[in-house]
Visitor: 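This is the structure, below, for whatever I ask next.
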Amino acid sequence: MLVPRGALVIEGAYVATLDPARREFVGHVVVSGNKIVAVGPGSSGLSEGAQVIDGSGCLVTPGFVNTHQHLYQWVTRGLAVDATLFEWLRTLYPVWSRITEESVYVAAKGALAQLALTGCTTAADHHYVFPRGGGDLLAAEITAAAEVGLRFHPTRGSMDRGQKDGGLPPDSVVEDRDEILAATSAAIDRWHDPSPGSMLQLAVAPCSPFSVSGELMRESAVLARRKGVRLHTHLAETTDETAWCLETHGCTPLEYAASLGWTGSDVWFAHGIHFDDAEIKQLGATGTGVAHCPSSNARLGAGIARTADLRAAGAPVGLGVDGAASNEAGSLVEEVRNALLLARARNGPQSLTVRDTLEMATLGGAQLLGRLDEIGSLEPGKLADLAVWNLNTLQHAGIPDPIAALVLSTPPPLDLLLVNGRPVVEHNTLVTLNHQSLAREVAKTQATLL
Ligand code: ZN
């Protein structure tokens, strides 16, 4: 094979391809430019003109895809630590009403840096708080993502149902419906890049049934489909939400969402915990996806999503860290482990395998974001988004199955994270930004905000 000068070759690593045959072997991965050009067992036989990385004792996986997050919350961590979702929201809305372009920029850098350090190469964000006079918050997080170097899927979120309309958020943090739709449409025109290898794609994401009017939900779906972008919202997170929905609309959250056009393979819901058997069947039949956020769900005591049942029904399931205000760790690799532990705690030892959970973090996420043809597995022609996990450590050495080592032990050091062929993490250190000065910036910003 002819490999252009400057190609990067990883040799001697255990490779989990996640390809259609789910091949795994000790072998090589060759990257040229922003693409994977070869993957296979044994040596690549290449050395002339290539940068060769010794992957002995390492595990190479596709880069993880984070499907639900609120980046701005990185500077509002550690508040209302023992509260329920609704109590927690009521404590945090007033703090969030003070966010600005500057605080969102710092928060997004912090949260995205942590995602990169924990194996994430593509990150979705759900931003729905736009205080008046706060500046261009979407631009702030898009700038931050470009600086950290991750593939980015921000959403233009929204809230138009304040307390005076029977919603949960204070009226000071909600926007007018027409303004929201105009701003969302303008954001898609300005930022959304549908081209192959895209580093930036937008979606439309009203916040949740209890903070958004039915009209905005319905019109958001129409707008997204007209623009050819995806739809995202929070749904069926807590029993309080189900009770609120039954009382307010006389139906369950999914019945409500479906009545407004919110099912289909272009829709993914965050959490999706409280669905009954018929609803899970409906999600599978319509190809509607779920972003499972195990740590956040446990932190807020919201419940445990039925991931095994959802997958069995054919509903795509990805993983998400959720906002750092309800998951201070913000670590995607830890979500893999927690997804497995919670599924087994709920439904027994056979409910989810270590490979099932790795699949949710990679292929599942890629499917939710509509990028399955480009990311989520290590195959020639796909984008060079990959993670090299070092298992030569006290915590991992000796575990016979490298995937079990990754999923069941403590998070291994990340020797290399490539996004679009570019190193973002090397030797467990961020190469695109200075970690220490970023930590100081985050602390200062949170102090100012509080
Ligand atoms: Zn969320």
Side-chain angles (χ1 to χ4, degrees), residues 65-81 83-93 95-96 99 104 107-108 111-112 114-115 120 123-130 137 141 153-159 161 167-169 173 203-212 217 220 230-242 244 253 257 262 267-274 289-305 307 317-332 334-335 338-339 342 365 368-369:
V65 180
N66 187 38
T67 61
H68 184 68
Q69 160 81 305
H70 313 287
L71 297 173
Y72 72 93
Q73 292 181 8
W74 196 260
V75 293
T76 65
R77 291 185 298 159
L79 307 175
V81 295
T84 67
L85 173 70
F86 281 13
E87 292 163 0
W88 174 88
L89 280 169
R90 286 194 187 97
T91 307
L92 281 154
Y93 281 136
V95 182
W96 294 340
I99 60 171
V104 168
L112 290 164
Q114 170 67 345
L115 283 175
C120 173
D125 186 52
H126 186 181
H127 192 90
Y128 55 84
V129 186
F130 291 89
L137 306 187
E141 61 172 45
H153 283 232
T155 63
R156 207 306 181 172
S158 51
M159 298 190 289
R161 186 182 195 126
L168 200 68
V173 294
V204 180
C207 184
S208 63
F210 51 83
S211 58
V212 171
M217 291 287 288
S220 293
R230 303 176 87 78
L231 281 164
H232 181 52
T233 192
H234 294 98
L235 203 80
E237 182 174 0
T238 63
T239 48
D240 285 349
E241 178 191 332
T242 306
W244 183 90
W262 275 74
V267 178
W268 88 102
F269 296 130
H271 308 301
I273 299 170
H274 301 284
V290 169
H292 176 42
C293 305
S295 300
S296 168
N297 298 159
R299 153 77 151 85
L300 291 170
I304 302 175
T307 44
V317 181
L319 297 181
V321 298
D322 203 0
S326 64
N327 175 10
E328 278 74 2
S331 157
L332 193 49
E334 288 182 48
E335 296 308 306
N338 289 340
L342 290 195
L368 294 193
L369 302 188

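Both ligands and their constituent atoms are indexed starting at 1 by order of listing.
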Visitor: Would one find an N, O or S atom of His234, in either backbone or side chain, under 2.8 Å from the Zn ion (ligand 1)?
Guide: yes
Visitor: Any donor-acceptor pair under 3.5 Å linking the side-chain atoms of His292 with those of His271?
Guide: no
Visitor: Using only heavy-atom distances, determine whether the side chains of Asp125 and His70 contain a donor-acceptor pair under 3.5 Å.
Guide: no
Visitor: Please state whether the separation between the Zn ion (ligand 1) and some N/O/S atom of His126 is under 2.8 Å?
Guide: no
Visitor: Side chains of Glu237 and Asn297: do they bring a donor and an acceptor to under 3.5 Å?
Guide: no
Visitor: Do we see a donor-acceptor contact under 3.5 Å between the side chains of Trp88 and Ser326?
Guide: no
Visitor: Please state whether the separation between the Zn ion (ligand 1) and some N/O/S atom of His70 is under 2.8 Å?
Guide: yes
Visitor: Does Asp322 bring an N, O or S atom to under 2.8 Å of the Zn ion (ligand 1)?
Guide: yes
